[in-house]
Colleague: 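Right, I'll just put the structure down here and ask away after.
Chain identifiers are assigned alphabetically (A, B, ...) following the order of the sequence lines, protein sequences preceding nucleic acid strands; residue numbering begins at 1 within each chain. Predicted model only: the values in this text are computed from it and were never measured.
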Amino acid sequence: MSERHFTQAMDVRAFVREDAPGGLAQLKGMRLTGEIPLREGVINDALRSRTPWRDLMISVEDRNQIVLRKGLFHVTATLDETVDTRHTPRIRLRLASAVIAWTVGRLVRLPYVTLDGQIVTIDLGAMPPVREWEPVLRHLRRATLTTTRGVLRVQFEWFVDPASPRG
Amino acid sequence: MQEWLKTQVANNFEAFAGARVSGSVPFTESVLNSWLESALRHHVAFPSVTGSQIPFAQLTRLVASVRVEIAEGVLTLHFELKA
């Protein structure tokens with residue numbers, strides 16, 4: 001490890017930036033598993049802290065249903081239980097109708113959001129403010145999202161696999 | 001986002017009640033030795049976490065268990081956090 005690397009090593013962001021090209025080789029074998037309940041209020045507080053989501057509100061319902069509200073406009077969608085972790089994590093939503101999908105396609109122009117029919121895909125690795133953690137997110141091996149009224153539950157496994165690096 | 005994080009820390013992560021995370025971090029001998037060598041050369045306190053959005057000091061309140069395992073050439077830190 002270089003001297004520069006050491007002096008920055010405990011600055012986590014700098015460490016990630018420097019170790020990213022090697023697929024976080026310094027952390028190979030590191031594993032995290034867990035379950036985090038995200039309550040509706042916490043999600044909405046986080047959204048309020050960021051533009052362009054500042055006036056967006058989410059209601060979390062049972063069976064992976066969520067309702068997104070922006071002013072008078074609201075959209076019902078079903079959250080895919082499985083997060084696509086083949087590259088950087090991607091969350092998928094199925095919009096409730098083709099009309100809503102058409103409207104969303106006209107209104108939402110963000111580089112990390114794509115729309116294919118009624119399916120919305122959000123690429124977390126390209127989304128500010130988590131984009132700078134993309135080298136970390138790349139090692140997410142499994143994540144599932146399930147909801148009960150008011151709570152989005154995230155289960156995950158994160159592993160820097162020495163045998164299958166994701167640099 | 002920083003403000004949001006500060007609020008969660010100030011509230012002792014109450015909004016995340018029920019969360020649990022367990023992990024293990026293997027540190028190889030060569031990594032630990034290079035950190036020590038560099039720390040001694042530069043008189044740097046070892047280790048401290050700075051410049052991070054992650055509130056490590058506050059996260060220690062959530063530590064439910066921690067264990068160190070030493071095998072040939074590798075020191076592994078096992079831990080469990082609960083909110």
Colleague: Examine whether an atom of Phe159(A) lies under 4.5 Å from a heavy atom of chain B, and if so say whether it belongs to the side chain, the backbone or both; otherwise answer neither.
Modeller: neither
Colleague: So which of Ser30(B), Ser22(B), Gly23(B) has the largest heavy-atom pair count under 4.5 angstrom toward chain A?
Modeller: Ser22(B)
Colleague: Check each atom of Ala83(B) against the heavy atoms of chain A and say whether the ones under 4.5 Å are side chain, backbone, both or neither.
Modeller: neither
Colleague: Heavy-atom count check: over 12 atoms from other residues, nucleotides or ligands less than 6.0 Å from Arg63(A) CZ?
Modeller: no
Colleague: Are any of the side-chain heavy atoms of Ser24(B) and Met30(A) separated by less than 4.5 Å?
Modeller: no
Colleague: Decide if atom CD of Glu69(B) counts as having more than 12 heavy atoms of other residues, nucleotides or ligands within a radius under 6.0 Å.
Modeller: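 Buried by this count: over 12 neighbours within 6.0 Å.
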Colleague: Evaluate whether atom CZ of Arg94(A) has more than 12 neighbouring non-hydrogen atoms of other residues, nucleotides or ligands under 6.0 angstrom away.
Modeller: no
Colleague: Which pairs with one or both residues in residues 11-22 of chain B pass salt bridge (charged side-chain N to carboxylate O under 4.0 Å, His left out), sequence neighbours excluded?
Modeller: Glu35(A)-Arg20(B)
Colleague: With the 4.5 Å side-chain cut-off for hydrophobic clustering, are Phe73(A) and Leu110(A) part of the same group?
Modeller: yes
Colleague: Looking at every heavy atom in both Ala17(B) and Arg39(A), which two are closest together, and how far apart are they?
Modeller: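 Heavy atoms only, the tightest pair is O-NH2, 2.9 Å.
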Colleague: Could you walk me through whether Leu32(A) and Phe79(B) pass the side chain to side chain contact (heavy atoms under 4.5 Å, CB included) test, one step at a time?
Modeller: CA-CA 9 Å; Leu32(A) 295 171; Phe79(B) 62 88; 3.5 Å; yes
